[in-house]
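Shown next, in structure tokens, is the structure this report addresses.
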Amino acid sequence: QVQLVESGGGLVQPGGTLILSCAASGRIFSMNDMGWYRQAPGKQRELVASIPSGGSTNYADSVKGRFTIPRDNAKNTVALQMNSLKPEDTAVYYCNARGRYWCGAGLSDFGSWGQGTQVTVSS
């Protein structure tokens with residue numbers, strides 16, 4: 001299968017900046033959508049931002065103008081640059097990726113999640 005490893009979470013003051021990183025590894029044949037989701041306590045997991053292999057990015061209304069999602073197709077990595085952070089951005093952030101990978105019988109689809117990284121915005 002394909003594994004996703006995240007890094008970069010932590011504690012930051014309101015108005016601050018954090019950068020999350022996500023690296024995919026495994027027998028990847030092609031990578032389609034990559035994205036970031038978050039889940040706050042007592043709430044459902046929600047899409048923060050996504051980026052297809054070719055095309056325009058998609059952002060949740062709550063983060064537009066503050067977050068960006070750069071992607072490196074050659075390295076199969078995606079980041080989440082979070083500026084002007086607010087307390088309501090506090091959540092566990094999850095990387096997600098979909099594509100195709102080499103398995104024993106040929107090619108198969110995958111959809112993988114990272115382990116999650118905590119982001120806390122507090123003074």
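Quick caveat, the model's predicted, so the values are computed rather than measured. Numbers for residues simply follow the sequence, beginning at 1.
- Partners of Q115 under the side-chain hydrogen bond (donor to acceptor under 3.5 Å, both in side chains) rule, at least two apart in sequence or in another chain, do not exist in this structure.
- For residues 5-27, the pairs satisfying side chain to side chain donor-acceptor pair (under 3.5 Å) are T17-N83, with sequence neighbours left out.
- Note that CD1 of I19 is 9.5 Å distant from CG of L80, once rounded to the nearest 0.5 Å.
- Of the residues listed (S112, S108, S30), the one engaging Y101 in a side-chain contact (heavy atoms from CB on, under 4.5 Å) is S108, and it is the only one.
- Both M82 and V12 are members of a single hydrophobic cluster when ILVMFWY side chains are connected at heavy-atom separations under 4.5 Å.
- In terms of hydrophobic clustering, with Ile, Leu, Val, Met, Phe, Trp and Tyr side chains grouped at heavy-atom distances under 4.5 Å, L4 and V92 are assigned to different clusters.
- In this structure, Y94 has no ring pair (Phe, Tyr, Trp, His ring centres under 6.0 Å) partners at least two apart in sequence or on a different chain.
- For residues 59-123, every residue pair satisfying the disulfide bond (SG atoms under 2.5 Å apart) rule, not counting sequence neighbours, is listed here: C22-C95.
- Residue-environment remark: CD (E88) exceeds the threshold of 12 foreign heavy atoms within 6.0 Å.
- Residue pairs meeting the salt bridge (charged side-chain N to carboxylate O under 4.0 Å, His left out) criterion with at least one partner in residues 105-123, sequence neighbours excluded, are R100-D109.
- Checked against salt bridge (charged side-chain N to carboxylate O under 4.0 Å, His left out), R45 has no partners two or more places apart in sequence or in another chain.
- In this view, S56 satisfies the side chain to side chain contact (heavy atoms under 4.5 Å, CB included) rule with no residue, not counting sequence neighbours.
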Which atom pairs, donor and acceptor, lie under 3.5 Å between side-chain atoms of residues 62-71 and protein residues at least two apart or in another chain?
from, atom 1, to, atom 2, distance (Å)
S62, OG, R38, NH2, 3.3
K64, NZ, D61, OD1, 3.1
R66, NH1, S84, O, 2.9
R66, NH1, D89, OD2, 2.8
R66, NH2, S62, O, 2.8
R66, NH2, D89, OD1, 3.0
R66, NH2, D89, OD2, 3.4
R71, NE, N73, OD1, 2.5
R71, NH1, N32, O, 2.6
R71, NH1, I51, O, 3.0
R71, NH1, P52, O, 3.2
R71, NH2, M31, O, 3.1
R71, NH2, N32, O, 3.0
R71, NH2, N73, OD1, 3.4

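- Proximity of V48 to Y93: side-chain heavy atoms (C-beta onward) are separated by under 4.5 Å at one or more points.
- Take D72 and apply the salt bridge (charged side-chain N to carboxylate O under 4.0 Å, His left out) test, not counting sequence neighbours, and it matches no residue.
- Taking Ile, Leu, Val, Met, Phe, Trp and Tyr as members and joining any whose side-chain heavy atoms lie under 4.5 Å apart, directly or through other members, the hydrophobic cluster of W102 also contains F29, L107.
- The ring-ring contact (aromatic ring centres under 6.0 Å, His included) pairs that include a residue from residues 104-123 are Y37-W113, where partners are two or more places apart or lie in different chains.
- At a threshold of 4.5 Å between non-hydrogen side-chain atoms, the residues S50 and N58 count as touching.
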| task | In sequence, state the C-alpha distance, the side-chain angles, and the governing distance for L18 and V119, and then conclude on side chain to side chain contact (heavy atoms under 4.5 Å, CB included). | result | CA-CA 9 Å; L18 271 180; V119 172; 3.8 Å; yes

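- Among residues at least two apart or in separate chains, there is no salt bridge (charged side-chain N to carboxylate O under 4.0 Å, His left out) pair with a member in residues 76-85.
- Inter-residue side-chain proximity for P14 and P87 is flagged as met; some heavy-atom pair is nearer than 4.5 Å.
- Counting only distance, with no hydrogens or angles, the side chain of T117 and the backbone of G9 share a donor-acceptor pair below 3.5 Å.
- Taking each heavy atom of V78 and M34 in turn, the nearest pair found is CG1-CE, 3.7 Å.
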